[in-house]
Amino acid sequence: METKFIDLTNIKGQQRIVEEKIQTAADIIRSGGLLAVPTETVYGLGANALDEAAVRRIFEAKGRPQDNPLIIHVPSAQWLPRFCVDVPPLAYTLARNFWPGPLTMILKRSPAIPAAVTAGLDTVGVRCPAHTVTQAIIRYAGVPIAAPSANLSGRPSCTSAADVAADMDGRIEGIVDGGPCTVGVESTIVDLTVSPPRMLRPGGLPLEDLQRVLGEIDVDKAVSAPLGEGEAPKAPGMKYRHYAPKAAVTVFTGNPRRTAQAVVQRLKPGVGVICFDEFESLFQGYETHLLGPVDDKEIQAQRVFDALRAFDTGNVTEILAQCPDNRGLGLAIGNRLKKAAGFNVVDVEEERIILGLTGGTGAGKTSALKAVEDLGGLALDCDAVYYELLNTDPGLRDAIAGAFGSQVFNPNGALNRKALGELVFGDNDRLDQLNDIVFRFLRPELERRIAAFQGKLCALDAINLFESGIDRLCDCTVAVTSPIEMRVRRIMERDGIDEKYARLRVSAQQQDDYFREKCDRELSNTAETPKAFREAAKEFFKRLIEQIKEDKANGRK
Ligand code: TXA
Ligand code: MG
């Protein structure tokens, strides 16, 4: 069969030609043909949804299993009552918020939709794509278009007409070129026939956006984990190996610096890499395809299928891929990568444990940190890191000088702590301002140091663990507490100060109850000597680590 190419890119100002081409495309649909159409998510392989014979041909052309239903594409929510029954008001609310766009709703099927479309289910997936070309084709054709993604079954989805041609040339009547897909991953699927609504597939519409409108929403298990034997997903398509390039894929989740390192450690001839732009230089000499910058998930979504497809033409036998976190579009991008890998996932954070220590002066945090080091861990005193950064990070110095004036630095370049202290002392707004600056530089530096550390246990010691947001880096927070009298005595000895001044220092800080309430655990120091406490702390951490490991293992199950 000869496949007709209908180019609808660069169409500005050519109204008549455009209309002719749309007409040609709509005719293919109306006459029972198969037509690949552009959408904002991925290209679809379309046919008239009301023509049973045409719909059957989609399954043939794709090599799609018969039990995997198709979704139908409509130009607006006004078409819903024609093809669905018992449409809940919530469907219209979602349509108002997110259509046209990357959202598919599962609704009750009306008899107008042939059973071949839905593989016999009494529900049907409906989507209103945000692509003017395909909207126009549907309106001209006057029928909904049933369309799965335009790839051969099991292969990565197509985000350009060229991708479609690679899979479908000669198998279908036409391919409409509408340019590259702007979203790049398929629509998010939400089942509205259950309460609360349930997300069956993450996609171009982030879960967080749905939560904003729906409030409660369940997430199908098949989204994040391989299914056990005998388990069936709600979206039949979620059970198949999917999106798979020819080479085997391993996906690495966790902190991007650490996943990059984990990939470096596994490099060998025949390996190809999918990585964030920032790490490209680590993989010179290996076929590498870039996912985009760590912080730009829109670009990552646009590129993920391209990257997976790109290896098929080379000699790569094994693909190692960095994976974004689950927030926003990351959930869909990660899902596609993990499915491409058959859920062969290495979580580099799995064994890593980060503890946050906090508590008042004299309680014993320093000895507790030493205990962490005794256990082979990395101990980071956040205060000390801050002072190091002051010497090494011009950005931090500039930010402080910009906010507080250059007089807070001595002529020799050192920070004049007294001058800065006088500016912020007793002025909460200015203190907050200073803390904002410090924490903004401190957090990424801590992350960098943790990522560079090869061992498993890390502890961060900060008196303002929670105020700084450093607690969010931690698996568990620990309050180091001690009776006031003992703390006073320790400070007097340690700093050579008198009792009155020691009491003043202790009372100027938050008290044990504050730390106790905020932290997950308490490590109480009633030991007579620092050495004895260090031993006790070591035992405490050993037990804690075992518990955290167990919790993590249970969380994974
Ligand atoms: O963005 C998209 O949704 C693209 C473009 C072309 O619109 N289409 C797409 O279709 O991704 P497809 O067939 O590749 O994926 C649709 C998924 C499949 O996993 C299928 O099992 C599921 O939707 N699905 C379809 N109808 C369903 C239904 N009635 N109940 C549950 N899941 C359904
Ligand atoms: Mg598909």
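Just so you know, ligand 1 is whichever comes first in the structure, and atom 1 is the first atom listed for that ligand.
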Check your understanding: Does Gln265 CD have over 12 foreign heavy atoms under 6.0 Å away?
Key -> yes
Review point. Taking 4.0 angstrom as the limit, do Arg198 and Glu216 come out as a salt bridge?
Key: no
Check your understanding: In terms of ring plane angle, is the pair His289 and Phe311 parallel, tilted or perpendicular, where the classes change at 30° and 60°?
Key -> perpendicular
Check your understanding: What is the nearest protein non-hydrogen atom to atom 9 (C) of ligand 1, stated with its residue, atom name and distance?
Key -> Ser149 N, 3.7 Å
Check your understanding: Where the closest heavy atom to atom 22 (C) of ligand 1 is concerned, which of Ile189, Ile145, Thr104, Ile58 has it?
Key -> Ile189
Practice item. Before signing off on this row, confirm whether Tyr43 and ligand 1 have an N or O atom pair separated by under 3.5 Å. Key: no
Exercise for review: Using a 4.0 Å heavy-atom cut-off, say whether Arg64 meets ligand 1 through its side chain, its backbone, both or neither.
Suggested key: side chain
Practice item. If you have a sec, work out which protein heavy atom is nearest atom 19 (O) of ligand 1 and how many Å separate them, to one decimal? Key: Gly237 CA, 3.2 Å
Review point. Is Ser157 close enough that one of its N/O/S atoms sits under 2.8 Å from the Mg ion (ligand 2)?
Key: no
Check your understanding: Is there a donor-acceptor contact under 3.5 Å linking the side chains of Asp177 and Thr9?
Key -> no
Point to revise | Distance from atom 32 (N) of ligand 1 to nearest protein heavy atom, with residue and atom | key: Ala235 CA, 3.4 Å
Exercise for review: Considering heavy atoms of the protein only, find what lies nearest to atom 3 (O) of ligand 1 and give residue, atom and distance to 0.1 Å.
Suggested key: Ser187 OG, 2.5 Å
Exercise for review: Take every heavy atom of Leu200, measure it against each atom of ligand 1, and state whether any distance is under 4.0 Å.
Suggested key: yes
Exercise for review: Mind running side-chain contact (heavy atoms from CB on, under 4.5 Å) on Asp191 and Lys234 for me, showing each step along the way?
Suggested key: CA-CA 9 Å; Asp191 186 352; Lys234 283 283 288 180; 3.3 Å; yes
Study note, to complete from the structure: For atom 8 (N) of ligand 1, the closest protein heavy atom turns out to be Ile71 CD1, 3.7 Å
Revision key, fill the gap. Leu121 heavy atoms within 4.0 Å reach ligand 1 at atoms 28 (C), 29 (N), 30 (N)
Review point. Any salt bridge between Arg212 and Glu208, counting N to O under 4.0 Å?
Key: no
Review point. Any N or O on Lys62 sitting closer than 3.5 Å to an N or O of ligand 1?
Key: no
Exercise for review: May I ask you to decide if Pro236's main-chain N or O and Asn68's side chain share a donor-acceptor pair within less than 3.5 Å?
Suggested key: no
Practice item. May I ask you to list the atoms of ligand 1 that are less than 4.0 angstrom from any heavy atom of Thr123? Key: 28 (C), 29 (N), 30 (N)
Point to revise | Per-atom contacts of ligand 1 with Asn68, taking only distances under 4.0 Å to non-hydrogen atoms | key: 18 (C), 20 (C), 21 (O)
Exercise for review: Run the numbers on Thr39 and Arg127 for side-chain contact (heavy atoms from CB on, under 4.5 Å), then give the verdict.
Suggested key: CA-CA 11 Å; Thr39 84; Arg127 166 162 132 73; 2.9 Å; yes
**Study point:** Closest protein heavy atom to atom 28 (C) of ligand 1, given as residue, atom name and distance to 0.1 Å
**Key:** Ile106 CD1, 3.5 Å
Review point. Quick one: nearest non-hydrogen protein atom to atom 15 (O) of ligand 1, plus distance?
Key: Arg201 NH1, 3.0 Å
Practice item. Would you kindly say whether Gln322 and Thr259 are connected by a side-chain donor-acceptor distance under 3.5 Å? Key: yes
Review point. Does Arg30 pair with Asp27 as a salt bridge, N-O distance under 4.0 Å?
Key: yes
Exercise for review: Start with the C-alpha distance between Thr104 and Arg201, add both sets of side-chain angles, then the distance that settles side chain to side chain donor-acceptor pair (under 3.5 Å), and finish with yes or no.
Suggested key: CA-CA 9 Å; Thr104 296; Arg201 176 177 76 180; 5.0 Å; no
**Study point:** Numbered atoms and elements of ligand 1 in range of Lys234, under 4.0 angstrom, heavy atoms
**Key:** 31 (C), 32 (N)
Practice item. Please name the residue in the list Phe252, Tyr286, Phe283 that meets the side-chain contact (heavy atoms from CB on, under 4.5 Å) test with Leu320. Key: Phe252
Review point. If only atom types and distance count, is the side chain of Trp99 paired as donor or acceptor with the main-chain N or O of Leu103 below 3.5 Å?
Key: yes
Practice item. Compare Thr41, Leu205, Val124 and give the one whose heavy atom is closest to atom 5 (C) of ligand 1. Key: Thr41
Review point. Of the options Ile189, Val190, Leu94, Thr188, which is the one that meets Met105 in a side-chain contact (heavy atoms from CB on, under 4.5 Å)?
Key: Leu94
Practice item. Would you mind telling me if ligand 1 is within reach of the side chain of Arg127, the backbone, both or neither, using heavy atoms under 4.0 Å? Key: side chain
Practice item. Could you pull out, from Gly46, Cys181, Pro69, the option with a heavy atom nearest to atom 27 (C) of ligand 1? Key: Pro69
Point to revise | Close-contact set for ligand 1 against Gly44 heavy atoms, below 4.0 Å | key: 6 (C)
Check your understanding: Quick one: does Pro102 get within less than 4.0 Å of ligand 1, heavy atoms only?
Key -> no
Check your understanding: Of the protein's non-hydrogen atoms, which lies at the shortest distance from atom 4 (C) of ligand 1, and what is that distance?
Key -> Val42 CG2, 3.8 Å
Revision key, fill the gap. Under 4.0 Å from one or more heavy atoms of His73, ligand 1 contributes atoms 5 (C), 6 (C), 7 (O)
